[in-house]
Amino acid sequence: MSDTDLRAFYLRYIGALNAHEISRMDEFINDETTLNGEPGTRDQAIAVLNDDTDAVPDFHWEPRDTAVDGDRLAARLINTGTRAKEWLGVVPTGASFEIVEYAIHQVRDGRFVHMTALHDAETLRRQLGA
């Protein structure tokens, strides 16, 4: 994929996430992938996304910066939402959150084969009222 194509692919992925169209992840994530440095599967990634969007029905990912190097893409995103259910071991208090996420992905044959997402979990828990 060209840099432009990879950016467009990533924005389609983010669009599907923001529409909570988790059923579309087979378009974006390879059957077998690396999730935060560990071997994983698309089904595992989908389970995490379903848990996140179930607990945070207004979960939103907003890409702010992206960089492409060959088949790798890095992005800085702002994640926002309000919990409706217990999530990450914290009961809902009505508190919303806004955190920065750094995502690093590698694409091969039109799907993510390596996916890493980094965020400040302590800041997230504090904003959630933990």
## Note on the structure
Rounding to 0.5 Å, atoms CG (L17) and CZ (R12) come to a distance of 13.0 Å
### Message
Can you classify the ring geometry of H105 versus Y13 as parallel (below 30°), tilted (30 to 60°) or perpendicular (above 60°)?
### Response
perpendicular
### Summary
Taken in chain and number order and not counting sequence neighbours, the residues that satisfy side chain to side chain donor-acceptor pair (under 3.5 Å) with D71 are Q106
#### Entry: Expected output: side-chain R83 to main-chain V90 donor-acceptor under 3.5 Å
yes
### Task
Nearest 0.5 Å please: distance from the CG atom of N50 over to the OG atom of S23.
9.0 Å
### Task
Report the distance from atom CD1 of I104 to atom CG of D69, rounding to the nearest 0.5 Å.
11.5 Å
### Message
How close do P92 and A84 get, counting heavy atoms only, and between which atoms?
### Response
CG-O, 3.9 Å
### Atom pair CD (E38) and OG1 (T116), whose distance is rounded to the nearest 0.5 Å
10.0 Å
### Task
Can you see which heavy atom on A95 is nearest to which on Q127, and at what distance?
CB-O, 3.3 Å
### Query
Partners of D109 by side chain to side chain contact (heavy atoms under 4.5 Å, CB included), sequence neighbours excluded?
none
### Task
Output the distance between atom CD (E62) and atom CD (E98), rounded to the nearest 0.5 Å.
8.5 Å
### Query
Heavy-atom count around E21 CD within 6.0 Å, excluding the residue itself: above 12?
yes
### Query
Can you name the side chain to side chain contact (heavy atoms under 4.5 Å, CB included) partners of S2, sequence neighbours left out?
T4, D5
### Partner residues of N79 under the side chain to side chain contact (heavy atoms under 4.5 Å, CB included) criterion, sequence neighbours left out
F59, W61, L77, F97, I99, E101
### Query
Can you name the residues that form a side chain to side chain donor-acceptor pair (under 3.5 Å) with H60, not counting sequence neighbours?
N18
### Message
Just verifying a value: how many Å separate Y10 OH and T66 OG1, rounded to the nearest 0.5 Å?
### Response
8.5 Å
### Query
Can you name the side chain to side chain contact (heavy atoms under 4.5 Å, CB included) partners of V48, sequence neighbours left out?
D52
### Query
So do the side chains of F112 and L73 get within less than 4.5 Å of each other, counting heavy atoms only?
no
### Query
Are I78 and V100 close enough that some pair of their side-chain heavy atoms sits under 4.5 Å apart?
yes
### Heavy-atom closest pair, residues G81 and D58
CA-OD1, 3.3 Å
### Residue pair T123 / R126, side-chain heavy-atom distance below 4.5 Å
yes
### Query
Below 4.5 Å, heavy atoms only, C-beta onward: do R111 and I29 meet side chain to side chain?
no
### Query
Is any side-chain heavy atom of T41 closer than 4.5 Å to a side-chain heavy atom of N30?
no
### Task
Taking only Lys NZ, Arg NE, NH1 and NH2, and the carboxylate oxygens of Asp or Glu, determine whether R42 and D26 approach each other closer than 4.0 Å.
no
### Task
Decide whether V113 and F28 are clustered together by the hydrophobic rule: side chain heavy atoms of Ile, Leu, Val, Met, Phe, Trp, Tyr closer than 4.5 Å, transitively.
no
#### Entry: Main-chain N/O of R76 paired with D65 side-chain donor or acceptor, under 3.5 Å
no
